[in-house]
Each structure stands twice: as structure tokens, then as C-alpha cells.
Amino acid sequence: MGKKVYMDNAATTQTKQEVINEMIKYFNEMYGNPSSIYDLGRTSKRAINKARTSVAKFINADEDEIYFTSGGTESDNWALKGVANANKSKGNHIITSKIEHHAILHTCEYLEKQGYEVTYLDVDENGVVNIEQLKESIKDNTILITIMFANNEIGTIQPIKEIGKIAKEKGILFHTDAVQAVGGLRIDVKDLNIDLLSMSAHKINGPKGIGALYVKKGTKLDNFMHGGAQESKKRAGTESVQNIVGFGKAVEILEENFDEHIEKITKLRDRLIKGIKDNIADIKLNGHPVNRLANNVNFSFNYIEGESLLLYLDMEGISASSGSACTSGSLDPSHVLMAIGLKHEIAHGSLRLTLSDSNTEEEVDYVVQKLVDVVNRLRVISPLKG
Amino acid sequence: MGKKVYMDNAATTQTKQEVINEMIKYFNEMYGNPSSIYDLGRTSKRAINKARTSVAKFINADEDEIYFTSGGTESDNWALKGVANANKSKGNHIITSKIEHHAILHTCEYLEKQGYEVTYLDVDENGVVNIEQLKESIKDNTILITIMFANNEIGTIQPIKEIGKIAKEKGILFHTDAVQAVGGLRIDVKDLNIDLLSMSAHKINGPKGIGALYVKKGTKLDNFMHGGAQESKKRAGTESVQNIVGFGKAVEILEENFDEHIEKITKLRDRLIKGIKDNIADIKLNGHPVNRLANNVNFSFNYIEGESLLLYLDMEGISASSGSACTSGSLDPSHVLMAIGLKHEIAHGSLRLTLSDSNTEEEVDYVVQKLVDVVNRLRVISPLKG
Amino acid sequence: MYTEKVMEHFRNPRNVGEIKDADGIGMVGNAKCGDIMKIYMKINNGIIDDVKFQTFGCGSAIASSSMATELIKGKSVDEAVELTNKAVVEALGGLPKVKVHCSVLAEQAVKSALYDYAQKNNLVVKGLEDFNPDEDVHEH
Amino acid sequence: MYTEKVMEHFRNPRNVGEIKDADGIGMVGNAKCGDIMKIYMKINNGIIDDVKFQTFGCGSAIASSSMATELIKGKSVDEAVELTNKAVVEALGGLPKVKVHCSVLAEQAVKSALYDYAQKNNLVVKGLEDFNPDEDVHEH
Ligand SMILES: Cc1ncc(COP(=O)(O)O)c(C=O)c1O
Ligand SMILES: Cc1ncc(COP(=O)(O)O)c(C=O)c1O
């Protein structure tokens with residue numbers, strides 16, 4: 001087989017070998033249920049609390065503010081439904097943005113059906129939420145602002161500190177979906193006035209199916225998963241001990257070389273952007289030119305369609321992603337690309353390349369070279385070019 | 001260190017080595033997101049669908065009737081909330097039993113707060129639900145009957161076929177929490193008229209934090225986890241591919257030697273019950289004498305308290321469980337032991353030993369011997385005996 | 001996801017390009033939905049001597065175009081009119097459910113080019129009486 | 001969960017048993033809540049010469065009984081009355097929050113036995129004026 005270049009780290013990441021090594025003994029050696037009082041159970045309990053400490057430290061939270069969930073989606077569902085339910089008597093209005101992940105948007109739609117009112121803020125052409133519109137949208141019955149920390153498609157980082165300040169001044173709870181941001185920038189929940197924050201392990205070289213919700217002490221939040229007394233009676237279900245341990249380890253590894261890690265990825269990203277810009281015409285970089293995730297590259301290539309692009313790249317061993325409808329089975333292209341004002345046919349021709357620190361300059365150059373070929377081939381086939 | 005005997009398989013089980021072997025390559029080799037269209041993604045997709053087939057086959061369901069969840073608790077939450085929400089226009093009455101797992105009971109309590117009405121059926125002294133009371137409880141606005149297949153504490157198996165028949169006749173949806181039953185008896189959802197069924201992998205030597213909900217085709221069920229289009233748009237969230245693969249493998253192993261497996265465990269169970277009965281006075285076997293899970297042994301020992309018993313057993317290397325309040329931090333002992341009519345002080349002195357096919361006769365005899373010692377010691381300390 | 005046949009036609013699409021002095025040209029689909037197909041035909045004595053396509057669209061759109069042009073090349077106009085999306089799907093060894101509309105698009109593109117040819121030459125082609133070249137095949 | 005000290009007292013509880021001709025006997029707690037402690041004392045010239053306990057309860061209940069009896073053995077009645085649950089917890093190196101009531105139970109059991117001794121001997125013991133041997137230490 002030929003070369004393999006994985007550049008879809010926003011979709012998911014490879015679980016690091018050190019993470020696997022840490023997890024492995026929790027499968028058939030230390031396999032006790034953390035709720036059990038015997039030695040084997042207490043060992044599991046200690047392991048999950050160690051992971052909890054690592055996760056808490058990473059975002060400057062306290063240990064008892066971290067609750068493990070089954071992933072970013074559950075964290076988002078819990079935060080929104082839990083706040084909505086618990087604060088019903090205060091109001092029923094929620095503010096979010098048009099470019100949130102579906103885990104937020106579809107939960108909002110569900111809440112609308114339950115009688116809540118949701119304002120979807122616009123974003124500018126770089127994907128930044130409109131702060132003026134946010135301020136104007138706040139009403140007496142607003143109970144929650146939920147704005148993602150950084151966007152999964154175009155990488156744009158939101159002015160979270162500003163939003164946190166507004167929310168705090170108005171006494172409104174502030175949740176942020178930081179699933180994509182956690183690996184890409186330093187987050188301090190205290191400094192940023194964040195009340196709730198969603199995370200997911202598989203985006204930072206941890207295992208799939210584990211995440212966390214940070215809940216600031218004193219936040220009114222109903223349970224989402226009802227049952228046993230796990231997670232201080234806040235999130236029921238036998239803990240996925242091995243996954244939690246893996247999540248903790250992934251965070252520890254990230255913490256260790258954070259600045260180095262970001263610097264390396266940023267360099268690769270900029271090389272990739274330059275390479276594409278220098279070699280392919282009729283393109284557009286999507287997302288914010290500066291305030292973007294270190295690992296995110298998103299281009300639209302006029303005249304061609306994303307799925308074809310992905311499939312041709314796949315033949316060259318390159319894994320990437322697109323905002324084209326055809327990759328999702330729907331007809332409309334990504335709501336994010338629409339929200340930043342792209343025309344349909346341009347949005348269909350988008351490509352997302354997301355890096356990790358396992359990528360190399362050589363891989364970046366290989367991708368540029370193959371991309372030139374593939375875009376050319378598809379433009380030859382296209383009836384739009386000409 | 002001395003001998004180690006794990007007899008708490010109803011709490012959780014050791015992940016089998018074959019299961020780990022199957023999972024391992026989905027961490028850092030085949031780590032693609034199943035929603036991705038490139039090769040690595042399609043490989044993950046195939047892997048989860050293979051697991052889906054295994055799980056479906058095991059309970060005689062169709063593949064597209066199996067949805068993966070984060071565990072038994074989520075399956076229970078989804079089934080109850082999803083049915084309640086989707087069938088609001090039909091009615092708001094749910095029937096369950098007093099001995100359900102907290103994942104059912106606390107979800108029911110939540111639904112009561114949302115305006116639903118719940119009937120909690122009594123059980124007899126063996127823990128069997130009262131079928132007459134069930135029939136009498138059915139009203140025009142009854143939308144769901146949820147009765148567990150087999151109880152996690154006392155092992156009693158419910159007359160599921162009878163209940164399924166009643167539900168079908170009345171046109172009421174029937175959910176069963178089969179988390180404990182799946183490893184212990186053959187289940188045929190078609191034959192038993194089951195509409196929804198909850199499972200959890202970690203109870204059958206699979207990994208922790210993965211489960212499934214069987215949903216009969218055509219069942220009206222709202223989503224619980226909102227977000228991406230995974231699981232045929234029914235359960236959002238990036239799939240825990242490695243866990244799903246492990247779940248599938250655990251089911252395959254179980255399927256392979258099912259009868260042998262059950263026969264072996266039943267023999268061990270009966271030897272354990274006999275050993276305890278023959279050697280310790282003033283005791284009571286809890287649960288049904290015949291219709292009980294192959295792996296479940298539950299005794300009450302008069303005059304002593306469960307936590308002490310567990311801790312002394314732990315010192316002898318034996319892992320077991322109790323229905324005593326002291327193990328859970330609450331004051332009232334297990335609701336299940338109360339529901340079968342045990343007095344408080346008797347319920348406090350209960351011990352659950354749950355076997356797996358890794359246990360041996362020698363281990364059973366060791367446990368009996370140590371139990372005799374430990375019960376004696378505690379009775380000497382007790383002010384109740386004498 | 002895709003059959004080997006689909007991938008083969010996607011990898012090496014047949015009949016890509018334009019025909020400058022085409023006798024019939026058909027273009028269907030729209031950029032909004034992410035797929036546009038344009039088919040050019042050279043027709044002599046009622047026989048499709050040459051056919052070429054240009055497609056903006058996903059893998060199955062490109063494969064469907066390629067296969068459709070292969071299926072009608074050298075055929076008579078009357079035979080070509082009878083090309084169904086089903087025939088395209090079958091020739092491709094199947095398409096995922098959500099991609100079946102690509103084969104419909106291919107059928108429409110062929111018909112559209114034949115319609116254009118008929119219009120230009122004042123011919124009545126059996127099977128094209130009810131054809132509306134501006135119809136949208138997507139159910140939005 | 002438990003400190004090493006708790007486990008040590010649980011593993012090897014001191015002063016287990018009955019005293020047949022005890023001068024004071026106290027029993028507190030109830031089976032409903034899963035813990036009952038009974039303390040027997042032999043008292044000579046205001047000094048607790050011997051003390052024994054029987055406990056139905058969890059690990060911390062047994063350890064608390066053991067520790068409490070150790071703390072008062074050989075002490076004067078006036079000293080023993082001053083035993084607090086806090087002292088028991090400290091001597092045990094701490095108890096989990098949900099188990100602190102066990103130490104309260106131990107304090108009550110000691111006081112109850114002293115109260116019984118005082119009643120039987122018509123004595124007034126300073127610090128027991130407000131003691132109610134039937135009070136329940138659990139907040140239900
Ligand atoms: C911004 C964002 N939020 C939420 C999610 C959902 O996380 P998970 O896949 O862990 O459920 C994702 C990734 O899929 C994401 O990128
Ligand atoms: C009967 C029953 N239902 C539900 C559950 C919850 O399953 P899980 O721990 O996978 O969330 C359990 C086990 O904890 C159980 O025994």
C-alpha cells in the first residue's frame with residue numbers, strides 16, 4: 001500500500017499508545033466496579049478520581065466540578081436540557097449561534113418543541129458571533145447562553161471571554177461546547193466566567209465514547225442520566241473506567257507539552273495553507289484568518305464537489321473531510337458554511353484538513369501536491385469551470 | 001498476596017482477553033470515525049455493523065432494531081423517556097415494579113415530576129411481580145409497561161412471556177431491562193413480544209460504558225441523545241467503536257457456548273447455596289428458589305450487617321456485594337429486599353454472590369469456608385445474637 | 001459504501017469532456033443541491049456516434065454519468081430514450097439509497113440532450129412527449 | 001475509603017464481648033438503620049476498670065466502638081463523659097462523611113452506659129444532665 005496521511009483530526013484522533021498502555025490493565029486486571037467497597041472496586045474509584053483531577057487541572061476547575069459522560073454529545077445534551085429543566089421558573093429563553101454543532105442545535109430544536117424559545121445568533125463572514133446581537137437578544141427570561149468555544153468545521157475561535165463577561169453581568173448561565181477547543185488552546189474556566197463546558201476525549205487522542213461536563217459549583221442543573229449514585233449522584237451509569245483512565249492520560253500528555261504541541265501544529269497548518277494558496281487558483285480560505293484553531297484548514301475550491309474530492313484524496317491515502325451535503329446524505333451543505341455566507345455551489349466544494357502533532361512537513365507537502373492533481377482532475381470533469 | 005475470588009459478576013465482570021484482543025486494533029490502527037467516507041472511516045463502520053449483527057442475532061432481533069448506547073442506564077433512560085415523550089398524545093400512565101433497578105425507578109420519578117403517572121407493582125416474597133395487579137393497573141391512558149427481565153440483587157426471573165402477551169393484547173408498549181438477564185438465559189424478543197429491551201456489555205465480560213437498546217421496528221420512540229446522524233439518526237454521538245467491537249465480541253463468545261456456560265454456572269451456584277445452607281444457621285435464601293439467574297446467590301444472615309461482612313470477606317480476597325444501606329451511604333437497605341418483605345435488620349445482613357464461568361468448585365468451597373468463619377466472628381460481636 | 005463498479009467508473013470516468021459541435025446538449029441538476037450533469041451528443045442517422053459528459057457532483061454522480069454515457073454510446077436515439085435510472089443503478093452494481101437520485105439525474109441528462117436534439121431537428125421522439133427538461137429531480 | 005487505623009480496629013476490634021455483672025450498660029441505634037451498639041462497663045471507685053462492646057453495624061461502627069472503648073478504658077467516669085464523637089473520629093484518623101454518624105453512635109453508647117450506671121447508683125454525673133438515652137442519632 002501507498003502513503004497514508006491522516007488529516008481529519010477534528011473528526012476523531014488516533015488513541016495514543018501511552019493512553020492504551022494506561023487503559024489496558026483496567027480491562028481484565030483492575031476491572032472492579034468503582035461503587036464496590038472491596039479492594040478491586042476502590043482501585044477503580046481511585047483511578048477515575050485521578051483522571052478527574054487531571055481533567056479538572058487542565059481547565060483550572062476543581063475536581064468536584066468535573067462529571068464524566070459518554071462524550072461531547074451527552075455533555076451538550078445534559079448541559080442544555082439540565083439547565084433548561086432546572087431553571088424553568090426563571091425563564092425559558094436560550095441564546096445560541098447558527099454555527100453550533102448538531103449536538104447543540106438539535107437539542108435546541110428539541111427544547112423548542114418543549115416550549116422553550118431559542119435565539120440563533122448570526123455570525124460574520126469569518127464565523128464570529130455577533131456580540132451586539134447577543135446583547136440585544138438578552139431578555140428577562142433568558143436562562144442560558146451557549147456558544148461554542150471553537151468551531152469544528154472552520155476552526156473559528158469565539159470571543160468567549162467577552163461572552164462570559166456579558167453572561168456574568170446579566171446573571172445568565174454560560175455554557176460552551178469546547179469539544180474542539182480543548183486540544184487547541186489553553187482554557188481557564190474561572191478566568192473566562194464559564195459555568196458549564198463540554199469536552200470529548202476522542203478529539204485529543206483519547207478513546208471514543210467518553211467525555212466530561214464541567215459544572216461550576218452551585219450551578220442549577222437537573223440530572224440527564226437517571227439511575228445509580230455514580231458521579232456524586234449527578235450522572236448515573238456504571239463508569240466506563242478504562243475510558244475514563246484513557247481520557248485522563250490523554251489530557252496529561254497534552255498538558256505536558258502543550259505549548260510545543262500547539263507551536264508544531266500551527267507551523268504545519270500555516271505551511272499547508274500557504275501551499276494550497278500558492279498552487280491552486282479560485283479558492284477561498286474559510287474561517288477566521290487569525291483567530292482559528294491551530295489545527296484547522298478549511299478551503300472552498302470553486303467548480304468542484306466535496307465528496308468526489310474526498311474520495312480521490314482517499315485513493316491517494318489522504319483522510320479528510322468536507323462540508324458537502326453529499327458526505328452526510330442530506331442535500332443542503334453544512335449549516336456552518338451557509339452561515340458564513342458561502343453560496344451553495346461553493347460550500348459544496350469545501351475541504352477540511354485538520355492536523356495533529358503526528359503529521360509532518362513532508363505529509364503536508366504530499367497533501368498539497370496530491371490536492372493540486374485532484375482539484376485539476378475534478379475541474380476538468382466539471383461543467384461549471386470554463 | 002493470598003487467594004483472590006471474584007464473586008460479584010452482577011456488579012461488573014472482567015473483560016475477557018479475546019474481547020480485548022478484538023478491541024485493541026480499533027484504538028490506534030483502525031481509529032477512523034464511522035461517519036467518515038474514507039477507507040479508515042468505512043472500516044469502523046463495518047466493525048460496528050458486524051457487532052450490531054451479533055447483538056441482534058443473540059436476541060433474535062433484526063440488525064436495524066439495535067442501537068448502541070453508553071450502557072444499561074442510558075438504554076433504560078432512553079426507552080422510558082423516549083416512549084413517554086413520543087406517546088404523550090395517547091396517554092401518560094406507565095406501569096413498572098417496585099424492584100426495578102434505579103435506572104428505571106429514578107427515571108420514573110423524573111417522569112412523575114413531568115406529569116406522568118406511574119404504578120409500581122408489588123412483588124411476592126420471591127420477588128415475582130403480581131400479574132393480577134398488573135392487569136388491574138392497566139388503564140386507557142397506559143402507554144408503557146416496563147418490567148425487568150431478571151433482578152440484579154436476588155436474581156428472580158419475571159414471567160416476561162405472560163407480561164408480553166398482556167401488553168400486546170392491550171396494545172401497550174413493553175420494555176424490559178434485560179441487563180442482568182442477557183448473560184443468564186436465552187432471550188427471543190419476537191417470541192416474547194418485547195418492544196424495547198436494554199442491555200449492557202460490562203455484565204457479560206465486555207467493556208464498561210457500552211450497551212444497546214433493542215427497539216422493535218415501528219415503535220414510537222423519541223430520541224434521547226440529540227446531535228449528529230449516527231445510529232440511523234436515532235442516537236447521536238461519535239460511536240465508541242472500540243467498545244462496540246468489544247460488546248459484539250463478548251456476545252459472540254457467550255453465544256458460542258451458551259448452554260455449556262449456563263450449565264457450568266448453575267452447578268457452581270447450587271453447590272454454593274448448598275454449602276452455605278449446610279454450614280450456617282439462621283439464614284434465608286432471597287429470591288426465587290427455582291426461577292432465578294444461573295449465577296445469583298443471595299442470602300440474609302441474621303444478626304449481622306452486610307458491609308462488615310463484605311469487608312471481612314475482602315480481607316480473605318473475596319469480592320462480593322450486599323444490599324445493606326451502609327454500602328451505599330444511605331440509611332435504608334435495598335428497596336428490593338424491602339419489597340420482598342424482609343425486616344430491616346435482616347435486609348441489612350444480606351450478601352450477594354454472583355458467579356461467572358471463570359469461578360471454580362474450589363473457589364466455591366473456599367468462599368463457603370471463609371463465610372462460615374466471618375459470619376461467626378461477626379455474630380460474636382453482635383448484640384442481637386443470644 | 002460504493003460498489004467496486006461505481007468506484008471503477010469514478011476512478012476512471014469514461015467519456016469525459018465536451019463536444020464542440022454537439023447535436024444535442026442536456027444539462028440537469030443544480031449547484032444548490034451539489035450536482036449538475038451536462039451531456040453532449042453527436043448523432044448521425046439516428047445513432048449516437050459520440051457522447052461526452054461533464055459533472056459537478058459526488059462520486060456516484062460522476063460514476064452514474066460515466067455509466068449512462070457508456071450505456072447509450074453507439075445506440076439509436078430510440079434505444080437511448082429508454083435508458084432508465086434503474087438500468088444505470090444495475091449496471092453499477094447498485095447505489096446507496098441516498099445516492100439513487102444521481103442515477104435519476106443521469107437518466108434526465110440523457111433525455112434532456114435527446115430532447116434538445118429533437119427540438120433542434122424538429123423531430124418527435126417517442127418517449128419524450130412528456131419530458132420537461134426543467135423539472136427538478138430532487139424532492140426538497 | 002477507610003483509614004488504615006479504622007481498618008486495623010475493624011480487623012482486630014478491642015474489648016469485644018459482654019460483662020455479665022456490668023455496673024452500667026448502654027445500647028443505642030436501631031436495626032432499621034443498620035447499626036446498634038451495646039456497651040458494658042465495670043466501674044470501681046469512679047474508674048472504668050473494664051469495658052466491653054457488642055456492635056451490629058458496618059466497618060466504621062465496629063471500629064468506632066472499638067476505639068471508643070479503648071479511649072475510656074481505665075479513665076474516670078468524669079473523663080469518659082467528655083468523650084466526643086470528634087475525639088473518636090480523630091483517633092481513627094478520620095471517617096468518611098457518610099460514616100460520621102457511627103462515631104456519634106459510639107459517643108452516645110458510652111454516655112448511655114454511664115447514664116445507666118448513674119441511675120443505678122443514684123449518682124449525678126456532670127455532663128449527663130441533658131442526656132436522653134432514647135434519642136435517635138440518625139437524621140431521617
Ligand atoms: C464542536 C463539537 N461538539 C460536539 C461534538 C460531539 O462530540 P462526541 O462525538 O464526543 O459526541 C463534536 C464532535 O463530534 C464537536 O466537534
Ligand atoms: C438490572 C440493571 N439495570 C440497569 C443497570 C445499569 O447498567 P449500566 O451500569 O451499564 O449503566 C444495571 C447494572 O448496573 C442493572 O443490573
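Just so we're on the same page: letters track the sequence lines, and every chain starts at 1.
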Select one option (side chain, backbone, both, neither) describing which atoms of [X] are under 4.5 Å from chain A's heavy atoms.
X: B:N85; result: side chain
X: B:M315; result: neither
X: B:I24; result: side chain
X: B:Q242; result: side chain

Measure distances from [X] to the heavy atoms of chain B and classify the residue's part below 4.5 Å as side chain, backbone, both or neither.
X: A:Q114; value: side chain
X: A:M23; value: side chain
X: A:T13; value: backbone
X: A:D39; value: both
X: A:L105; value: neither

Aromatic rings A:Y6 and B:Y38: how do their planes relate, parallel, tilted or perpendicular, breaks at 30° and 60°? perpendicular

Based on non-hydrogen pairs under 4.5 Å, which of [options] is most in contact with chain A?
options: B:S319, B:A320, B:C108, B:S70; answer: B:S319
options: B:G317, B:A236, B:G71; answer: B:A236
options: B:E239, B:H202, B:K113; answer: B:H202

Could you tell me if the side chain of A:N28 sits less than 4.5 Å from the side chain of B:K16, heavy atoms only? no

Would you check if B:S36 and A:D8 make a side-chain contact, meaning some heavy-atom pair closer than 4.5 Å? yes

[atom1] of [X] to [atom2] of [Y]: how many Å apart, nearest 0.5 Å?
X: B:T12; Y: A:L40; atom1: OG1; atom2: CG; result: 9.5 Å
X: B:M225; Y: A:K81; atom1: CE; atom2: NZ; result: 7.5 Å
X: B:Y31; Y: A:Q14; atom1: OH; atom2: CD; result: 4.5 Å
X: A:E74; Y: B:F224; atom1: CD; atom2: CZ; result: 7.0 Å
X: B:L310; Y: A:I37; atom1: CG; atom2: CD1; result: 4.5 Å
X: A:N243; Y: B:S240; atom1: CG; atom2: OG; result: 5.0 Å

A:G227 backbone acceptor or donor facing B:H106 side chain under 3.5 Å: yes

Given 3.5 Å as the limit, does a donor-acceptor pair link the side chain of A:N33 with the main chain of B:A11, or not? yes

Sort out for me which of [options] touches chain B most, counting heavy-atom pairs under 4.5 Å.
options: A:T238, A:V19, A:T69, A:I210; result: A:T238
options: A:G41, A:G72, A:A103; result: A:A103
options: A:Y26, A:W78, A:Y110; result: A:Y110

Where do B:K208 and A:G32 come nearest, in terms of heavy atoms and distance? CE-O, 3.8 Å

Heavy atoms of B:G228 and A:H102 approach each other most closely as N-CB, 4.0 Å

Could A:R42 and B:D314 be called an ion pair, given the rule that one side-chain N must be under 4.0 Å from one carboxylate O? yes

Test side chain to side chain contact (heavy atoms under 4.5 Å, CB included), reference B:H226, set A:D76, A:T73, A:L80, A:T107, output is A:T107

